[in-house]
2 protein chains.
Amino acid sequence: MADKREQILTVAEKLFGDHGFDGTSVRDIAQHANVNLAMISYYFGSKEKMLEALLEMRANYTMLEALNKDESLTPWEKMDKVIDFYVDKIMGNLCFHNIMQQGNNSRSEDIKELITRIKLRNFEQIKKILLDGQKKKIFRKVDIELTVGTVMGTISQTTLARPFYTTLLNVDKNNDEAYRKKITPRLKTHLKQLLHAHLDIKNEE
Amino acid sequence: MADKREQILTVAEKLFGDHGFDGTSVRDIAQHANVNLAMISYYFGSKEKMLEALLEMRANYTMLEALNKDESLTPWEKMDKVIDFYVDKIMGNLCFHNIMQQGNNSRSEDIKELITRIKLRNFEQIKKILLDGQKKKIFRKVDIELTVGTVMGTISQTTLARPFYTTLLNVDKNNDEAYRKKITPRLKTHLKQLLHAHLDIKNEE
DNA sequence: AAAAATTAATTAAACGTTTGTTTAATTCAA
DNA sequence: TTGAATTAAACAAACGTTTAATTAATTTTT
């Protein structure tokens with residue numbers, strides 16, 4: 001059954017995201033997915049291969065490429081859409097994003113490389129937008145690598161340091177939905193305002 | 001011996017930072033610290049208590065408070081110093097910073113609360129600087145919580161997604177020192193430029 | 001179309017390690 | 001001589017993985 005494979009991966013995503021790879025046992029996953037323990041080896045070969053399968057499943061490439069090819073949009077509009085896209089994407093799947101962040105500390109080089117490859121691919125698209133804006137004298141010269149890092153880092157911060165932000169924003173720390181609802185629009189507004197000031201060529205020193 | 005306690009914690013910091021709490025065994029720590037396995041329970045009671053002891057040891061409160069009380073500095077100068085302080089602090093101890101980030105996903109509520117408390121304390125100091133700048137009509141109105149998140153998040157991103165950035169910046173991924181040397185000045189420059197554009201009241205829309 | 005043969009899916013049980021922690025004996029210092 | 005520091009060994013529990021047996025589904029043969 002193909003959907004049973006997916007069912008296992010969905011449960012694994014939740015548990016890996018909540019407790020980390022090493023903090024989650026294959027028995028945990030099997031139990032929550034209502035499958036026999038041996039099915040995980042049967043389907044994926046090993047716990048680590050299962051994580052790789054999960055990363056492959058969730059890594060969708062198409063969105064940013066499509067956005068970039070739309071020539072009716074100005075660089076400003078594109079950057080706004082990038083922000084909306086990433087905030088929605090990350091806030092819509094906090095667990096997977098946690099996995100992507102924590103995977104960088106994996107002992108498996110394969111997994112680190114896989115994650116790096118996914119991130120590089122997305123980075124290249126944003127870089128194109130920024131370079132285009134600079135060429136058109138709309139954006140000023142900035143550190144492109146770290147500007148992308150700022151966007152990703154700001155969003156990541158609100159999910160990774162979540163206990164900190166729930167305290168700060170007075171949200172019930174166990175209510176995922178309430179937190180998402182509160183932080184999503186704020187993140188979008190803040191990042192757009194931040195990038196506007198940062199990139200606008202009128203603010204060149 | 002008090003220094004043996006510290007020696008264990010130093011080794012634990014390195015291993016926890018590299019492989020995570022669950023990815024590090026107490027036998028690993030004992031072996032690398034050249035102490036008997038039982039000494040860890042003897043000194044700290046448990047693996048988790050050892051992590052708490054490590055967090056307590058490294059959480060130094062004084063620096064930002066002192067900076068804030070210095071009335072000879074303008075809000076701009078204070079923010080620049082905050083950036084220097086955090087970049088140096090995090091880049092000078094990547095392992096500890098990793099622990100602080102990953103600890104948010106700990107299953108221990110004690111540890112999550114401890115980390116949150118440390119972060120809140122630092123946040124309050126930066127908030128004071130930003131509010132003071134706004135009162136003096138130097139800084140414009142911004143989302144203070146997320147502005148701090150941007151500073152922390154941007155730095156975190158370069159340490160947490162390190163395999164990504166070593167690839168991006170063409171640095172040997174196994175050479176800690178080379179990466180630190182390359183990323184530290186860039187981070188400071190980028191963050192100061194970013195915050196300047198973001199906070200300057202002249203850029204008010 | 002029914003029966004037989006073959007492959008795939010699923011299971012409970014066991015495998016050998018590794019885990020964090022404890023014990024009880026021993027060495028060391030005051 | 002008393003109490004703290006240190007040790008090797010053992011503890012039970014949990015770990016990822018494998019095995020061998022059984023059931024379900026599919027294909028082949030009659």
Side-chain angles (χ1 to χ4, degrees), chain A residues 1-57 95 99 102-103 105-112 114, chain B residues 1-57 95 99 102-103 105-112 114:
Chain A
M1 277 186 198
D3 55 311
K4 186 163 266 185
R5 227 186 88 104
E6 207 174 305
Q7 177 192 344
I8 295 173
L9 289 182
T10 305
V11 169
E13 182 176 41
K14 168 78 175 145
L15 295 177
F16 285 161
D18 284 346
H19 307 305
F21 181 77
D22 289 312
T24 305
S25 71
V26 290
R27 282 174 177 80
D28 277 345
I29 297 169
Q31 195 178 323
H32 283 84
N34 281 314
V35 299
N36 188 275
L37 171 64
M39 293 307 290
I40 285 168
S41 295
Y42 180 76
Y43 274 126
F44 306 102
S46 71
K47 185 186 179 186
E48 197 174 292
K49 289 267 179 60
M50 177 173 57
L51 175 56
E52 288 181 28
L54 172 57
L55 292 172
E56 306 268 15
M57 180 179 81
C95 286
I99 293 170
Q102 295 174 353
N105 283 62
S106 168
R107 257 134 304 131
S108 156
E109 290 299 324
D110 283 355
I111 285 172
K112 280 198 277 192
L114 184 52
Chain B
M1 277 185 199
D3 56 312
K4 186 164 266 187
R5 226 186 88 102
E6 208 175 304
Q7 177 191 344
I8 295 173
L9 288 182
T10 305
V11 170
E13 182 176 42
K14 167 79 175 146
L15 295 177
F16 285 162
D18 283 345
H19 306 305
F21 181 77
D22 290 312
T24 305
S25 71
V26 292
R27 281 174 178 79
D28 278 345
I29 298 169
Q31 195 177 322
H32 284 84
N34 281 314
V35 298
N36 187 276
L37 171 64
M39 294 306 291
I40 285 169
S41 294
Y42 181 76
Y43 274 127
F44 306 102
S46 72
K47 185 187 180 185
E48 197 172 291
K49 289 268 180 61
M50 177 174 55
L51 175 56
E52 288 182 29
L54 172 58
L55 292 172
E56 306 268 16
M57 180 178 82
C95 286
I99 293 170
Q102 296 174 352
N105 282 61
S106 169
R107 256 136 302 132
S108 156
E109 290 299 324
D110 284 354
I111 285 172
K112 282 197 277 193
L114 184 53

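Atoms considered below: every heavy atom in the structure, side chains included; atoms not considered: hydrogens, waters and symmetry mates. Keep in mind it's a predicted model, so treat the numbers as computed, not measured. Convention: sequence-line order gives letters A, B, ...; per-chain numbering from 1.
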Report which part of the nucleic acid A:Ile40 touches: base, sugar-phosphate, or nothing (heavy-atom distance under 4.0 Å, all strands).
-> nothing
If you look at every strand shown and take non-hydrogen atoms under 4.0 Å, does A:Ser41 touch a base, only sugar-phosphate, or nothing?
->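 Base contact - A:Ser41 has a heavy atom under 4.0 Å of at least one base atom.
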[X] [atom1] to [N] [atom2], straight-line distance once rounded to whole Å:
X: A:Glu48; N: D:dT17; atom1: CD; atom2: C1'; value: 14 Å
X: B:Ile29; N: C:dT19; atom1: CD1; atom2: C1'; value: 12 Å
X: B:Phe21; N: C:dT19; atom1: CZ; atom2: P; value: 13 Å
X: A:Phe44; N: D:dT17; atom1: CZ; atom2: C1'; value: 15 Å
X: B:His19; N: C:dT19; atom1: NE2; atom2: P; value: 12 Å
X: B:Gln31; N: D:dT7; atom1: CD; atom2: P; value: 14 Å
X: A:Gln7; N: C:dT10; atom1: CD; atom2: P; value: 10 Å
X: A:Met50; N: D:dT17; atom1: CE; atom2: C1'; value: 12 Å

Counting side-chain heavy atoms from CB outward, which of [options] is closest to [X]?
X: A:Lys47; options: D:dT17, C:dT21, C:dT10; result: D:dT17
X: A:Arg27; options: C:dT19, C:dT10, D:dC15; result: D:dC15
X: B:Ser25; options: D:dT7, D:dC15, C:dG20; result: C:dG20
X: B:Met39; options: C:dT21, D:dT7, C:dA14; result: D:dT7
X: A:Ala38; options: C:dT19, C:dA12, D:dG16; result: C:dA12

Carboxylate-amine/guanidinium contact B:Lys112 B:Glu109, below 4.0 Å | yes
Exam field: side chain A:Thr24 to backbone A:Leu15, donor-acceptor pair closer than 3.5 Å =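 Yes, because the side chain of A:Thr24 sits within donor-acceptor range (under 3.5 Å) of the backbone of A:Leu15.
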CG-CD1 distance between B:Leu54 and B:Ile8, expressed to the nearest 0.5 angstrom = 12.0 Å
Within the structure, does a side-chain N or O atom of A:Asn36 lie under 4.0 Å from either OP1 or OP2 of C:dA9?
->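 No, A:Asn36 has no side-chain N/O under 4.0 Å of OP1/OP2 on C:dA9.
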Assign each of A:Gly23 and A:Tyr42 the nucleotide of DNA chain D bearing its closest heavy atom; nearer the 5' end lies the nucleotide of A:Gly23
Test applied, side-chain contact (heavy atoms from CB on, under 4.5 Å); reference residue, A:Phe16; option that passes from A:Asp28, A:Ile99, A:Leu9, A:Val11 =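 Result: among A:Asp28, A:Ile99, A:Leu9, A:Val11, A:Ile99 is the only option passing the side-chain contact (heavy atoms from CB on, under 4.5 Å) with A:Phe16.
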Go through B:Ile29 and B:Lys47 one step at a time and tell me if the side-chain contact (heavy atoms from CB on, under 4.5 Å) criterion holds.
-> CA-CA 10 Å; B:Ile29 298 169; B:Lys47 185 187 180 185; 5.6 Å; no
